[in-house]
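Heads up: the structure comes next, in structure tokens.
For the single chain, residues carry numbers from 1 onward in sequence order.
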Amino acid sequence: MKLGQTLSLRRDLLPDSWLVELSRLQDNVAPFPAADARYAVEVALGRPAEQIFAAFEAEPMAAASIAQVHRARLPDGRAVIVKIRRPGIRDQIDRDMRALVAIARLVLVLAPGLRRYQPLRIVDEIWVNLRKETDFRHEARNIRRFREAFREWPTVSAPDAIDDLYSEAVLVQEMSGGRSIGDPSVDGPRLARVLIDAYLHQFFVAGLFHGDPHPGNLFVMPDGRLCFHDFGLVGYLDGRTRRSLAVYLQAFVSKDAAWMLDAAVELGLLGGSIDRPVFTRGIEEILSDFATRPLKDWSLAEAVLRVARLGSGENLVLPQNLVVLVRALFLVESALRTLDPDFKVLDMLLARGGAMMEGVLRGGPPTSASTRLKTEAALAAQDLPGTIASWLHRAQREGGGPLAAMRHASPEAQLDRVGNRLALAIVTLGLYVAASLLMLDSAGPRVLGDLPLFALLGYALAFLSSFRLMRAIARSGRL
């Protein structure tokens, strides 16, 4: 059951008809006895249930393959839910997954062509994630991180885990609920803006996002806040991935196929040997298809998935965080259209996400043909100091580079030469950074359409300094 549910996330691997069938798998199973549930709580929390709860309902409110949930009330009167892991489930998962690994190895022997789909890696990811899903301490940490990320937000909420009342096998959490996002009485357009703001914040600021925002996990509280439930499936985006995602969005909105290809490789949607002309034409076809649709029907999730599927699966490399990201994007877009059928996703991404993406890219939303240059300049400005430092360290370690000259001939003359080269290199670096900042700030008069004159002059001086430095090194015969 869990394998089928997990495979339903793999839009990059399976055809849509399979995904529809797999998504129908519901792990509603018979609950385990109330006595076993109470015993599991007492073992996990180290106290009799009567000392923990003022009331504990024996009949579970929901039961699934991993856990079941009971209503309860704390001594201070707070209503809570108690999520209890099914006894013996960890051992059963390990047995089943070991069997699945053996099956996957046998399949690879019988059908070597399936190696391109990396089934053993996928099985290993499923195993790791099932173990995380059955460790409720992990879910409690996700809840706390999410709540901290939205601590100052009056429009977003998530029920907290109760201090000292969660463990690997038990999670006690505040009771929370409300109206469904599909309820016609809710303010759909306002909540759509809240939802897009919340996910932009998760993607580009927090680096942690709720991976399963289907209607059952989103509620509208009586005070109008949007409440997120169930943090068993959470995605993580490190700084580099957040930056790559922002670049991909810029390229998509700019309808630049070559830039989208570069961004897709950087993001991790594509890997292996890339035939650039073929893939660029494929992305151009995708963009042409979107261009014929009304703007409200544009889908970033679909664009991500269609690019990932280019190359007949030979270039599929999606790691788990991107699998969860694609799922979340599809579900978010579906929820947005439930809240507001005329919602224009891309318009809202640009209107409300510009400031957040600026914090990642050090640049604003695309407004002209110079967008790519500005964005790439921002990235170069961030990376250049580390690149130069790495190069100097490597050159010194390998016995080459400007510092090696100190070992030969006249020490005073060589020291002067090396010092001059280092000074010129630092000045050149400063020119590149200053020109990039001027490009981002768009300061001063403009030439060639929309390019700042002072930034171009800075790049020109930096290029001349670079040329002089390279010529000096070339004449010395040492790098």
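Salt bridge absent: Asp135 and Arg90 never bring a charged side-chain N and a carboxylate O closer than 4.0 Å. Ion pairing of Lys83 with Glu139 is present here, as a side-chain N (NZ or NE/NH1/NH2) and a carboxylate O approach within less than 4.0 Å. Salt bridge present: Asp289 and Arg306 bring a charged side-chain N and a carboxylate O closer than 4.0 Å. Taking the charged nitrogens against the carboxylate oxygens, Arg145 and Glu148 have no contact shorter than 4.0 Å, which rules out a salt bridge.
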Derivation of the salt bridge (Lys or Arg N to Asp or Glu O under 4.0 Å) call for Arg243 and Asp238: CA-CA 9 Å; Arg243 193 173 75 173; Asp238 58 26; over 6 Å; no
Could you go step by step and tell me if Arg131 and Asp94 meet the salt bridge (Lys or Arg N to Asp or Glu O under 4.0 Å) rule? CA-CA 9 Å; Arg131 292 191 68 84; Asp94 289 342; 2.7 Å; yes
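Screening residues 69-79 for side chain to side chain donor-acceptor pair (under 3.5 Å), with sequence neighbours left out, gives Gln68-His70, Asp76-Arg78. Pairs passing the side chain to side chain donor-acceptor pair (under 3.5 Å) check and including a residue from residues 46-64, sequence neighbours excluded, read Arg38-Glu50.
Looking only at side-chain heavy atoms (C-beta outward), Phe204 and Leu237 stay at 4.5 Å or farther from each other.
Enclosure of atom CZ in Arg105 is not indicated, since only 12 or fewer non-hydrogen atoms of other residues, nucleotides or ligands lie within 6.0 angstrom.
A donor-acceptor pair shorter than 3.5 Å cannot be found between the side chains of Ser167 and Arg137.
Considering all non-hydrogen atoms of both residues, Leu287 and Met260 come closest at CD2-SD, 3.7 Å.
If you take CG on Leu249 and OG on Ser254, they are separated by 9.0 Å, rounding to the nearest 0.5 Å.
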